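Here is the structure we will look at, set down as structure tokens.
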Amino acid sequence: MGRDPRVDDYIARSAEPLRPLLEQLRDMAHRALPEAEEAIKWSVPHFTVRGKNVAGMSAFKAHCAFGIHGDAMSRRFIRVTSEADMPREAELSALLHEAADRILGGRPPAGARAERKPRPEIPMPAEFAALLAAVPQAQAAFERFAPSQRRDYLEWITEAKTAATRDKRMAQAAEWIAEGKTRNWKYEKPRKGA
């Protein structure tokens, strides 16, 4: 059991009603992860396994917090203001084991988002391609746009319900593109110095 005297000092400097709560959280962490070492990181006590942060605890004015690491999506914080708020040991132990397994095994956290798949390309309507080709300035500007900016225009055009609306949108798009404007140019903040 790797106890760090700096953690003893941290607990001793904490407000009186929080000291026994911090000691209890510390003991529970060590019972759950007997191989854990203590360290002071970011000025607060942490519990590490094989050099990797698994959990940390901190004292505030009226409460203490116990944070279980993972990544930004899976980090959990337990707020404790009194003995009544103390987590059940079996629950805390399970959370610490899960975090340690995930961190040491390099697995993504439960419920993590899968890597986003690219959205399918929107085919360029032949009429719009011809309209852009007829105005070289518009064609060049459209090619300089980011894929998302080109997509905004193509969605706007292809989602038109009628041919008349589609033709009107293509004409408007060609005009705006020739001026170097993105589809939502009205809502963009002006750049400094522009």
Side-chain angles (χ1 to χ4, degrees), residues 39 41-44 46-58 60 63 65-80 87 91-92 94-194:
K41 296 186 178 194
W42 303 285
S43 303
V44 297
H46 275 75
F47 303 93
T48 66
V49 175
R50 288 187 246 150
K52 301 213 179 208
N53 295 336
V54 175
M57 63 182 188
S58 52
F60 298 93
H63 76 280
F66 192 86
I68 300 169
H69 295 286
D71 68 9
M73 291 181 60
S74 69
R75 190 170 297 150
R76 297 205 40 184
F77 288 99
I78 300 166
R79 181 185 169 113
V80 180
E91 192 176 304
L92 183 63
L95 291 170
L96 287 169
H97 280 280
E98 180 185 325
D101 289 346
R102 184 176 53 248
I103 291 165
L104 296 173
R107 291 182 316 203
R113 280 192 265 171
E115 193 167 316
R116 187 180 281 178
K117 294 178 184 174
R119 294 180 355 182
E121 287 288 321
I122 297 175
M124 169 78 80
E127 301 91 349
F128 188 53
L131 191 58
L132 289 177
V135 183
Q137 186 177 354
Q139 179 73 42
F142 191 76
E143 289 172 3
R144 282 193 306 269
F145 282 162
S148 61
Q149 294 168 327
R150 292 192 298 263
R151 182 181 191 83
D152 287 343
Y153 273 115
L154 294 173
E155 280 179 345
W156 185 52
I157 291 165
T158 58
E159 289 174 354
K161 302 274 189 256
T162 66
T165 302
R166 184 176 169 179
D167 291 344
K168 183 177 176 184
R169 288 181 180 180
M170 286 192 294
Q172 182 66 75
E175 181 182 322
W176 286 344
I177 293 168
E179 295 172 14
K181 294 178 178 176
T182 61
R183 162 74 180 96
N184 296 303
W185 64 272
K186 294 177 187 177
Y187 308 106
E188 293 174 355
K189 292 181 180 179
R191 290 187 219 157
K192 289 185 178 180

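The figures here come from the full heavy-atom set of this structure, side chains too, leaving out hydrogens, waters and symmetry mates. All values derive from a computational prediction rather than experimental measurement.
Here the closest heavy-atom approach between residue Glu127 and residue Met170 is recorded as CB-CE, 3.8 Å. Between Gly67 and Phe77, the closest heavy-atom pair is CA-CD2, 3.7 Å. Nearest heavy-atom pair, Ala173 versus Ile157, reported as atom, atom and distance to 0.1 Å: CB-CD1, 4.1 Å. Residues Val54 and Ala100 come closest through the heavy atom pair CG1-N, 4.1 Å. The two residues Ile68 and Leu96 come nearest to each other via the heavy atoms CG1-CD2, 4.2 Å. Residue Thr165 comes nearest to Thr162 through the heavy atom pair OG1-OG1, 2.8 Å, listed as atom of the first residue, atom of the second, then distance.
Using a 4.5 Å heavy-atom cutoff, the side chains of Lys186 and Trp176 are in contact. In this structure the side chain of Val80 reaches within 4.5 angstrom of the side chain of Pro87, judged on heavy atoms. No side-chain heavy atom of Glu143 sits under 4.5 Å from any side-chain heavy atom of Leu132. The shortest distance between side-chain heavy atoms of Thr158 and Pro123 does not fall below 4.5 Å. In this structure the side chain of His69 reaches within 4.5 angstrom of the side chain of Asn53, judged on heavy atoms. The shortest side-chain heavy-atom distance between Val44 and Met57 does not fall under the 4.5 Å cut-off. Side-chain atoms of Thr182 and Asp152, non-hydrogen and from C-beta on, never get closer than 4.5 Å to each other.
Ring orientation note: the planes of His63 and Phe60 are close to parallel, at an angle under 30° on the 30°/60° scale.
Distance check: Phe145 CZ to Arg150 CZ gives 9.5 Å after rounding to the nearest 0.5 Å. Atoms CD and OG, on Glu155 and Ser148 in that order, are 10.0 Å from each other to the nearest 0.5 Å. Between Gln172 atom CD and Arg183 atom CZ the span is 9.0 Å, to the nearest 0.5 Å. Once rounded to the nearest 0.5 Å, the distance linking CZ of Arg50 with CD1 of Ile103 reads 11.5 Å. Rounding to the nearest 0.5 Å places OH of Tyr153 at 16.0 Å from CZ of Arg151.
Under the side chain to side chain donor-acceptor pair (under 3.5 Å) criterion, Gln137 pairs with no residue, sequence neighbours left out. Judged as a salt bridge (charged side-chain N to carboxylate O under 4.0 Å, His left out), and not counting sequence neighbours, the contacts of Lys181 are Glu179.
Counting heavy-atom neighbours within 6.0 Å of Lys41 NZ, excluding the residue itself, gives a total above 12.
Gln149 contributes a side-chain N or O that, together with a main-chain N or O of Ala146, makes up a donor-acceptor pair within less than 3.5 Å. Arg169 contributes a side-chain N or O that, together with a main-chain N or O of Trp156, makes up a donor-acceptor pair within less than 3.5 Å. Arg166 places no side-chain N or O within 3.5 Å of a backbone atom of Ala160 that could act as its donor or acceptor partner.
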